[in-house]
Amino acid sequence: MTTLLPDLPTTAVPAAPGADRVLAARPSLRDTVNQTLAMAWRATKKMRRNPEQFFDVTLQPILFTAMFAYIFGGAVSGSVADYLPLIIPGILAQTALTACMATGTQMREDMDKGVFDRFKSLPIARIAPLAGPMLADLIRYGTAATITILVGIAMGYRPGGGVLGVLAGWALTIFAGWSLSWIFAWLGTVARSAQAVQGIGMMIMFPLTFLSNAFVPMDTLPGWLEAFVKINPVSHVVTAVRDLMNDGNVTVQVGWALLGCAVVVAVFAPLAVRTYFRKM
Amino acid sequence: MTATPAVHATGLVKTFGAFRAVDGIDLEVRQGEIYGVLGPNGAGKTTTLKMLATLLPIDGGHAEIFGVDVRREPHRIRQLVGVTGQYASVDENLTGTENLVLFARLLGQSSRQARRTAADLLGRFGLEEASDRQIQNFSGGMRRRLDLAASLIARPPLIFLDEPTTGLDPRTRGQMWDTIRELVAQGSTILLTTQYLDEADQLADRIAVIDRGRKVAEGTPDQLKESVGSSTLHLRVADRDQTTRAASIVERVLGEAPVLTPEAGGLNIALTDANRTADVLIALRQGDVDITTAAVRQPTLDEVFLTLTGHHAEDDHADDHADDHEEVA
Ligand SMILES: Nc1ncnc2c1ncn2[C@@H]1O[C@H](COP(=O)(O)OP(=O)(O)OP(=O)(O)O)[C@@H](O)[C@H]1O
Ligand SMILES: [Mg+2]
């Protein structure tokens with residue numbers, strides 16, 4: 001009869017007796033990091049297997065950049081080429097936000113799956129199944145930002161900030177996406193279903209992107225709208241990315257954008273972790 | 001045996017709103033045994049297991065696993081228990097190998113160790129050919145085996161199996177039984193739930209019968225059989241319309257109503273004294289009831305179950321009845 005138990009590394013303890021085992025009281029920081037990386041690995045596997053998950057970060061930026069540039073370019077800036085420096089940072093913010101929404105819906109879907117019961121039963125850091133996908137999603141924001149910038153360049157966008165400015169804008173977009181995704185991760189942990197997350201997400205996303213300076217200059221808007229647009233964190237991110245990519249300037253707007261993102265994380269990350277732990 | 005019990009639980013309670021899904025269950029599982037929890041749908045088997053596995057908060061009572069307090073030290077409990085849930089808890093989007101590698105890495109193995117463990121377990125559970133297929137394409141039996149394999153990665157001393165063979169064909173079921181026996185032979189302790197009486201009879205050293213969140217009986221399979229009566233007379237009447245009349249005749253003779261079996265025309269009569277068989281048969285003959293089958297045998301667990309939970313379900317004084325049987329062990 002073959003034995004069913006796996007060959008184990010020499011450090012492993014025998015199957016019995018259980019009472020004599022040396023048990024850790026809690027996962028160490030190193031364990032937590034390793035477990036988060038393992039969960040991130042799982043998320044990337046799933047991404048590779050469901051390439052349609054990448055539609056929102058690949059096709060959408062291509063489509064929107066081309067569409068907005070050709071439709072509004074002439075009207076807003078006189079020509080497509082003049083509109084690109086305005087619209088590319090806008091599209092960057094918009095795609096990052098769309099990608100965030102998927103973070104929330106997938107979190108919700110994941111928690112309803114049977115495999116989550118196993119995660120719960122394993123001696124792992126409780127945060128790992130939440131932190132892992134959040135980490136892996138950096139790939140999605142990175143993809144979205146890269147493709148948007150490349151499409152822009154292909155259409156004739158010549159960022160004045162040079163390579164460094166573009167890289168800084170790219171990095172800020174990813175950071176902003178990651179920060180804002182905590183809002184959706186929180187929604188994912190409180191909502192009853194993935195559809196609910198999607199629905200609420202849309203209601204948050206549309207005003208945030210369209211009621212910002214992403215697509216049109218602020219001074220064309222009526223006063224009451226301008227007031228909202230001004231405090232909208234997306235506007236700050238868009239302006240900061242424009243400053244970095246078009247002028248290569250680290251302006252005070254960059255500071256505001258970073259601060260805004262930090263505030264979002266400071267508020268929503270603990271909320272998300274708390275409701276998530278209650279279900280974990 | 002003076003060793004720490006693998007599971008020691010007293011007065012476990014779980015409420016969902018006003019509904020008490022688990023209503024004061026005591027369990028004591030000794031090291032190295034297979035302990036079976038037997039109960040119908042909704043009895044509270046899964047809920048009990050989930051509380052012990054830290055998957056659900058315990059609402060009342062106390063539980064220890066190998067002397068470790070379940071409520072206070074969940075992280076330690078998770079190092080002691082391998083859980084195979086009622087519904088396979090593996091990742092549908094990953095392959096067999098990827099699933100096991102993931103769990104092994106979460107349990108602290110390096111990626112090389114993890115790959116070795118995965119290959120090894122897939123081999124032992126006869127899943128090699130499925131190692132690179134996504135779980136969503138697995139059959140039910142393959143899922144179950146993979147799920148069990150996943151529970152064994154850390155070689156936990158205690159393994160929970162929630163209805164391990166529900167939905168499996170007879171052959172796969174037999175294989176699962178062999179696997180379970182083998183695990184025990186290698187030193188593991190097993191707490192399993194089942195709705196199948198023959199499964200509990202086949203596998204378990206001791207059994208708890210639970211119904212509506214309460215333990216209605218506990219003991220070895222033999223003790224449980226004895227608690228119902230030393231033997232059972234099984235009768236089948238020729239004309240099923242006469243079943244009720246046959247039952248009332250039996251009741252008149254023995255002073256106790258027989259249990260009607262699920263197949264029509266069948267009666268199971270618990271006999272404290274096998275010599276009363278003749279009295280019953282004569283009474284039926286005099287009452288003009290034709291029978292096609294008559295057999296005296298040890299009661300099966302099926303009948304134990306029917307007697308215990310059947311009465312329990314009809315009886316208004318369910319609690320009194322439960323107490324009658326609780327002292328069997
Ligand atoms: N999360 C929940 N919320 C509300 N009620 C629940 C919940 N989980 C279980 N129940 C109820 O608790 C009772 C016991 O459920 P449990 O799943 O433990 O039964 P079981 O013995 O495992 O049954 P089965 O054989 O069908 O698996 C059932 O009546 C069920 O409806
Ligand atoms: Mg169940």
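The figures here come from the full heavy-atom set of this structure, side chains too, leaving out hydrogens, waters and symmetry mates. Keep in mind that what you see is a predicted model, and the values were worked out from it rather than measured. Quick note on labels: first sequence line is chain A, next is B, and so on, each numbered from 1.
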Supply the atom-to-atom distance [X] [atom1] to [Y] [atom2], rounded to the nearest 0.5 angstrom.
X: B:Leu107; Y: A:Gln35; atom1: CG; atom2: CD; result: 8.0 Å
X: A:Lys45; Y: B:Thr95; atom1: NZ; atom2: OG1; result: 7.5 Å
X: B:Leu106; Y: A:Ile124; atom1: CG; atom2: CD1; result: 5.0 Å

For the student: nearest non-hydrogen atoms of [X] and [Y], plus distance:
X: A:Arg118; Y: B:Thr84; answer: NH2-CA, 4.4 Å
X: B:Ser89; Y: A:Gly114; answer: CB-O, 3.0 Å
X: B:Gln79; Y: A:Pro123; answer: CG-CB, 3.4 Å
X: B:Arg76; Y: A:Leu23; answer: NE-O, 3.2 Å
X: B:Val83; Y: A:Ser121; answer: CG2-CB, 3.8 Å

[X] portion near chain A, given a 4.5 angstrom heavy-atom threshold:
X: B:Ala150; result: both
X: B:Thr189; result: neither
X: B:Gln134; result: side chain

B:Arg133 CZ: over 12 foreign heavy atoms closer than 6.0 Å: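 Yes, because the 6.0 Å sphere around CZ of B:Arg133 holds more than 12 heavy atoms from other groups.
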
Within a reach of under 6.0 Å around CZ of A:Arg274, are more than 12 heavy atoms found that belong to other residues, nucleotides or ligands?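 Counting neighbours around CZ of A:Arg274, 12 or fewer heavy atoms of other residues, nucleotides or ligands fall under 6.0 Å, so no.
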
Donor-acceptor pair, distance only, cut-off 3.5 Å: does the side chain of [X] make one with the backbone of [Y]?
X: B:Arg78; Y: A:Lys120; answer: yes
X: A:Arg49; Y: B:Asn93; answer: yes
X: B:Arg105; Y: A:Leu37; answer: no
X: A:Arg42; Y: B:Asn99; answer: no

I'd like to check the salt bridge (charged side-chain N to carboxylate O under 4.0 Å, His left out) partners of B:Asp59; sequence neighbours left out, ordered by chain and number.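 B:Asp59 satisfies salt bridge (charged side-chain N to carboxylate O under 4.0 Å, His left out) with B:Lys14 once adjacent residues are dropped.
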
Exercise answer: donor-acceptor pairs, residues 172-186 of chain A side-chain atoms, under 3.5 Å, sequence neighbours excluded:
{"from": "A:Thr173", "atom 1": "OG1", "to": "A:Gly169", "atom 2": "O", "distance (Å)": "2.8"}
{"from": "A:Ser179", "atom 1": "OG", "to": "A:Phe175", "atom 2": "O", "distance (Å)": "2.7"}
{"from": "A:Ser181", "atom 1": "OG", "to": "A:Trp178", "atom 2": "O", "distance (Å)": "2.6"}

When B:Val81, B:Ile65, B:Asp91 are compared by non-hydrogen pairs under 4.5 Å with chain A, the top option: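 Greatest number of close heavy-atom pairs with chain A: B:Asp91.
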
Using a cut-off of under 4.5 Å for heavy-atom pairs, which of A:Leu122, A:Asn34, A:Thr36 has the most such pairs with chain B?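 Option with the greatest count: A:Leu122.
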
Part of A:Asp117 within contact of chain B (heavy atom distance under 4.5 Å):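 For A:Asp117, backbone and side chain are both near chain B.
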
Heavy-atom distance under 4.5 Å to chain B: side chain of A:Asp110, backbone, both or neither?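 For A:Asp110, there is no contact with chain B at all, as no heavy atom is under 4.5 Å.
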
What do the steps show when you test A:Val115 against B:Phe103 for side-chain contact (heavy atoms from CB on, under 4.5 Å), and what is the final call? CA-CA 10 Å; A:Val115 70; B:Phe103 300 135; 3.8 Å; yes

